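In what follows, a structure is listed as structure tokens, so that the remarks can point back to it.
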Amino acid sequence: MFNIMRFLTIIAIQFISLWTFSQSKGIRCIYSSSMEVSKGVYEMENEIAKKMVIRDIQEDKKIYSLTAVGNKYLFTKEPESVDKVPLMVDKKNIYVDLDDSIKVTQSEFVNKLYIVKGHANRLDWDVEEKTENVLGKTCYKATLRQDPRITAWFTPEIPFACAPLGYYGLPGLVVRITTPAYTLSLESMTEVDNIELK
């Protein structure tokens with residue numbers, strides 16, 4: 001568990017970072033996916049099928065953008081994504097407004113688009129003291145209490161409480177997140193101006 005001094009240090013860094021970012025309106029991040037080849041795939045008896053599945057997993061590369069302005073953000077699947085391993089429920093867009101506690105998700109399921117609007121419910125995370133340097137930023141590992149299969153690395157140096165796939169609530173930008181399906185990693189980040197998210 002996090003000790004109190006470590007937590008206060010993170011909060012202090014967050015406020016300093018917020019002051020640093022105060023000149024910009026927001027950020028735009030690009031994430032790309034990667035998938036692990038499971039043990040079960042390697043144990044497949046049919047060599048041709050096994051090679052095809054491994055190739056598809058290795059060539060699959062979903063690309064997402066995440067644009068954040070204040071406490072609002074939009075997560076979007078980009079058209080240049082390579083979907084060699086299609087998802088059963090493919091999340092195309094997720095809009096979150098933490099000020100008004102709104103979350104809207106547009107997903108594709110069985111070739112039909114669905115829009116679900118609801119509350120941006122509180123997500124609780126267990127943050128570890130372990131750190132890792134990602135893209136030159138000190139990052140901390142966190143596990144989602146509601147689903148321990150979801151783990152994220154975030155940096156308080158970039159004070160946006162947003163994350164890919166609607167997993168918000170950490171005191172800093174998520175640079176890498178792992179779900180049962182795949183891992184999303186931050187590829188690039190740019191500052192943006194005059195962006196209105198709807």
Side-chain angles (χ1 to χ4, degrees), residues 26-41 44 46 48-125 143-152 154 160-170 173-189 192 195-198:
I27 57 170
R28 185 170 191 270
C29 303
I30 301 295
Y31 294 84
S32 67
S33 71
S34 61
M35 303 176 88
E36 266 189 45
V37 180
S38 69
K39 183 180 176 184
V41 172
M44 290 174 67
N46 185 320
I48 295 171
K50 177 168 63 174
K51 286 180 182 176
M52 288 175 61
V53 171
I54 291 172
R55 185 198 64 216
D56 285 350
I57 290 171
Q58 291 172 341
E59 291 178 0
D60 185 271
K61 188 171 184 181
K62 297 165 178 51
I63 306 294
Y64 297 92
S65 65
L66 185 143
T67 305
V69 179
N71 283 324
K72 298 177 184 178
Y73 72 92
L74 177 64
F75 178 76
T76 301
K77 185 174 184 183
E78 295 297 320
E80 62 265 28
S81 294
V82 178
D83 277 320
K84 292 281 188 169
V85 183
L87 300 170
M88 185 179 292
V89 178
D90 193 5
K91 294 180 179 177
K92 301 290 189 183
N93 292 288
I94 300 172
Y95 170 77
V96 177
D97 182 341
L98 295 174
D99 290 330
D100 293 332
S101 190
I102 295 170
K103 180 179 177 183
V104 181
T105 303
Q106 180 191 45
S107 301
E108 185 176 335
F109 179 69
V110 193
N111 296 322
K112 290 186 179 179
L113 282 177
Y114 296 88
I115 295 177
V116 178
K117 182 178 179 181
H119 291 286
N121 296 324
R122 177 188 167 117
L123 297 179
D124 295 312
W125 298 84
T143 302
L144 185 63
R145 284 186 198 162
Q146 287 93 332
D147 186 350
R149 299 174 303 165
I150 310 295
T151 59
F154 72 96
F160 288 91
C162 56
L165 299 167
Y167 294 110
Y168 48 83
L170 285 164
L173 180 70
V174 170
V175 298
R176 185 167 63 236
I177 189 162
T178 299
T179 72
Y182 53 77
T183 295
L184 286 180
S185 300
L186 180 66
E187 297 266 317
S188 66
M189 184 188 76
V192 291
I195 297 293
E196 184 179 356
L197 298 181
K198 295 182 180 179

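Here the structure is a predicted model, which is why all the values come from computation and not from measurement.
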| query | Considering only heavy atoms from C-beta outward, does the side chain of Val174 approach that of Tyr167 to under 4.5 Å? | reply | no

Residues 51-58, side-chain donor-acceptor partners within the protein, below 3.5 Å, at least two apart:
none

| said: Nearest 0.5 Å, please: how far is CG in Asp97 from NZ in Lys103? | reply: 13.5 Å

| query | What distance separates Ser32 OG from Asp60 CG, expressed to the nearest 0.5 Å? | reply | 10.5 Å

| task | Rounded to the nearest 0.5 Å, what's the gap from CD1 on Ile94 to OG1 on Thr105? Could you check? | result | 5.0 Å

| field | Min side-chain heavy-atom separation Tyr182-Leu165 under 4.5 Å | value | yes

| task | Output, in order, the C-alpha distance, side-chain angles, deciding distance and verdict of side-chain contact (heavy atoms from CB on, under 4.5 Å) for Leu173 and Cys162. | result | CA-CA 6 Å; Leu173 180 70; Cys162 56; 3.9 Å; yes

| query | Is it true that atom NZ of Lys61 has more than 12 heavy atoms of other residues, nucleotides or ligands lying nearer than 6.0 Å? | reply | no

| remark: Taking every heavy atom of Ala181 against every heavy atom of Met35, the minimum-distance pair comes out as O-CE, 3.5 Å

| For Tyr31 and Leu66, which heavy atoms make the closest approach, and how far apart are they? | CE1-CB, 3.9 Å

| Contact summary for Gly166 and Leu123, nearest pair of heavy atoms | O-CD1, 3.8 Å

| Closest heavy-atom contact between Pro164 and Leu184? | CB-CD1, 3.6 Å

| message | Can a donor-acceptor pair be found, under 3.5 Å and without considering hydrogens, that links the side chain of Trp125 to the backbone of Tyr168? | response | yes

Could you go through residues 70-83 and list every donor-acceptor pair under 3.5 Å that involves a side-chain atom there, pairing it with any protein atom two or more places apart or in another chain?
unit_1	atom_1	unit_2	atom_2	d
Asn71	ND2	Asp99	OD1	3.0
Thr76	OG1	Asn93	OD1	3.0
Lys77	NZ	Asp83	OD1	3.2
Lys77	NZ	Asp83	OD2	2.7
Lys77	NZ	Asp90	OD1	3.0
Lys77	NZ	Asp90	OD2	2.7
Glu78	OE2	Ser65	OG	2.6
Ser81	OG	Ile63	N	2.8
Ser81	OG	Ile63	O	3.1
Ser81	OG	Glu78	O	2.9
Asp83	OD1	Lys62	NZ	3.2

Pair up each side-chain donor or acceptor in residues 111-122 with any protein partner under 3.5 Å, not counting sequence neighbours, and list the distances.
unit_1	atom_1	unit_2	atom_2	d
Arg122	NE	Asp124	OD1	2.5
Arg122	NH2	Asp124	OD1	3.2

| message | Once rounded to the nearest 0.5 Å, what's the spacing between atom OG1 of Thr67 and atom CD1 of Ile27? | response | 8.5 Å

